[in-house]
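Computed from a predicted structure; not experimentally measured.
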Amino acid sequence: ATNGSTQWERSTLSVLARVIYNYKGKYLFNGSFRRDGSSAFSYTGNEWQNFFSLGGGWLMSEEEFMKDIKWLDMLKIKASYGTLGNQNLDKAYPAEPLLTNAYSAVFGKPSIIYPGYQLAYLPNPNLRWEKVEAWEAGFETNLLRNRLHFEGVYYKKNTKDLLAEVPGISGTIPGIGNLGEIQNKGVEMAVTWRDQIGDWGYSVSANLTTIKNEVKSLVQEGYSIIAGDKQQSYTMAGYPIGYFYGYKTNGIFKSEEEVKAYTNSKGELYQPLAKPGDFRYADTNNDGVLDSDDRINLGDAVPDFCYGLNLDLEYKNFDLNVFMQGVQGTQIWNAIRYTFGFTGLKYNYFSEIMDRWTPDNVNATVPRATWMDPNNNKRPSDYYLENGSYLRMKNISLGYTIPKVLTRKIGLEKIRFYVSAQNLFTITSYSGYDPELGIDTIGADLESNVDRGQYPQSKSYSFGVNLVF
């Protein structure tokens, strides 16, 4: 049993061997082997697992047939393959669950309340290491007297025997196990240009990573994991992990005539409880009935690509650094709308409520004000889904270094004053507090980019001085 303490103890033992070989400065090879043991799996007898990696490179620019290419300073072809293990889960002892307070019972005379306990989750008796198999191939090069650097790789990473918690169904206890395999693949690219022109020195760099995520398999064919308080996040083979699942809206009923006109081929109303101002939901499978079978994949949190931009500028004793970071093609489930996007609850509301449907505002995109909500306008749908793409100024700093002829007179090697700002601005169409979300619950890998009002990243300003003695 537990009284709420977060103390725990776990042991890991590793044995590592590594080989590095360089032949004539042109042909490179490295290999490693490791055997890891973890007490996290001691209860199942699967403490130990072997992992290895292999990598090779060919420095083509050192070959004789490339010596006459004056604008090429370096060209290397490289590839690697490796395996890695993961034992981390938000449970201290994943194979041995704690007991949590459950139901109580009354016995005896006089009556005494006896507390009841149950397992926090159901462990898999065969629980074992999560294993990552990854390979990549690419190149890197320096051009134009090393002023231009470019590198690019194609990568593929398969995570097998995925460690995850399966939510309980209809109030049952959740379970933990090795559930399947997930694949991530894409391209990583980075480019840098640096130069010195008189007293001016500068460096401009950019990087971009594309991501394609797919669940390759789960426990069995057709198996799905449902997560989220509104059951909006689904994980199923053939789709991205934790994709958003719900109904597709088709506008808002403007009038009673539109409600009565929304019928199937038999003349039956699709939404008999709907009123003007309610959402119209699409019969996506065209079976003439609007039910749970009409829920579809609405989007997912996995971005199409992530990117970064960096500028370093120096002029005499002044220096400037600018770093920007962005994400493109990701979706956010704005769960705050459950509470603040509908009338009827004893809260303040979003200002968009002022533009809700009324008989005088029939072209609204926000549903009518209603206490009972017979049409269930709050059901999971694309109404909660927003574009989460953004570009953020992560950091900008300006500094000035006192000339050394002055600092050395007072026994200091360097004095640098600086002023900086973090998260200065964000360019995004997302209506919530912060599009840079991720996961708001430890271990909730199956439910990412769900905005429940997480505290946004702060904008901050700082001023300081660096001293080197």
Pair [X]-[Y], side-chain donor/acceptor within less than 3.5 Å:
X: Ser381; Y: Thr249; result: no
X: Thr426; Y: Arg392; result: yes
X: Asn158; Y: Glu181; result: yes
X: Gln87; Y: Thr12; result: yes
X: Ser420; Y: Gln422; result: yes
X: Arg128; Y: Asn46; result: no
X: Gln325; Y: Tyr390; result: yes
X: Asp278; Y: Asn377; result: yes
X: Asn250; Y: Arg280; result: no
X: Glu447; Y: Gln232; result: yes
X: Asp451; Y: Tyr430; result: yes

* To do: For Asp312 and Asn321, run side chain to side chain donor-acceptor pair (under 3.5 Å): C-alpha distance rounded to whole Å, both residues' side-chain angles, the deciding distance at 0.1 Å, then the answer.
  => CA-CA 5 Å; Asp312 285 302; Asn321 174 261; 2.7 Å; yes
Could you check whether [X] pairs with [Y] (Lys NZ or Arg NE/NH1/NH2 to Asp/Glu carboxylate O, under 4.0 Å)?
X: Lys131; Y: Asp161; answer: no
X: Glu62; Y: Lys67; answer: yes
X: Glu151; Y: Lys78; answer: yes

If we only count heavy atoms from C-beta on, is the [X] to [Y] side-chain gap below 4.5 Å?
X: Leu163; Y: Leu127; answer: yes
X: Lys394; Y: Gln457; answer: yes
X: Ile182; Y: Asn213; answer: yes
X: Lys160; Y: Lys216; answer: no
X: Met60; Y: Ile77; answer: yes
X: Asp434; Y: Gln454; answer: no
X: Pro367; Y: Phe279; answer: yes
X: Glu140; Y: Met74; answer: yes

* Are Phe318 and Tyr400 close enough, and set up right, to give a ring-ring contact (aromatic ring centres under 6.0 Å, His included), and what steps lead you there? -> CA-CA 5 Å; Phe318 290 94; Tyr400 177 77; 4.7 Å; yes
For the pair [X] and [Y], name the ring-plane relationship: parallel under 30°, tilted 30 to 60°, perpendicular over 60°.
X: Trp129; Y: Phe51; value: perpendicular
X: Phe139; Y: Phe150; value: tilted
X: Tyr21; Y: Tyr23; value: parallel

Where the side chain of [X] meets the backbone of [Y], is there a donor-acceptor pair that is under 3.5 Å apart?
X: Ser38; Y: Ala40; answer: yes
X: Thr44; Y: Asn126; answer: no
X: Asp294; Y: Asp291; answer: yes

Cation-pi, [Y] ring and [X] (6.0 angstrom, 45 degrees):
X: Arg337; Y: Tyr383; value: yes
X: Lys230; Y: Tyr338; value: yes
X: Arg379; Y: Tyr247; value: yes

* **Matching residue for Glu386 among Asn449, Thr428, Asn334 - test: side chain to side chain donor-acceptor pair (under 3.5 Å)** =>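 For Glu386, the side chain to side chain donor-acceptor pair (under 3.5 Å) check succeeds only for Asn334.
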* I would like to know whether Tyr154 and Trp135 meet ring-ring contact (aromatic ring centres under 6.0 Å, His included); could you show each step before the answer? => CA-CA 8 Å; Tyr154 174 84; Trp135 69 268; 5.7 Å; yes
* Asked: Do any pairs count as a side-chain hydrogen bond (donor to acceptor under 3.5 Å, both in side chains) and have a residue in residues 198-212, sequence neighbours left out, and if so which ones?
  ->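 Counting only pairs at least two positions apart or across chains, the side-chain hydrogen bond (donor to acceptor under 3.5 Å, both in side chains) contacts touching residues 198-212 are Trp193-Tyr202.
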* Roughly how far apart are Tyr270 OH and Leu290 CG, rounded to 0.5 Å? ->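 Going from OH on Tyr270 over to CG on Leu290, the span is 8.0 Å.
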* Checking salt bridge (Lys or Arg N to Asp or Glu O under 4.0 Å) for the pair Lys26/Glu63: CA distance, chi angles, key distance, verdict? -> CA-CA 8 Å; Lys26 296 185 288 186; Glu63 298 290 354; 3.5 Å; yes
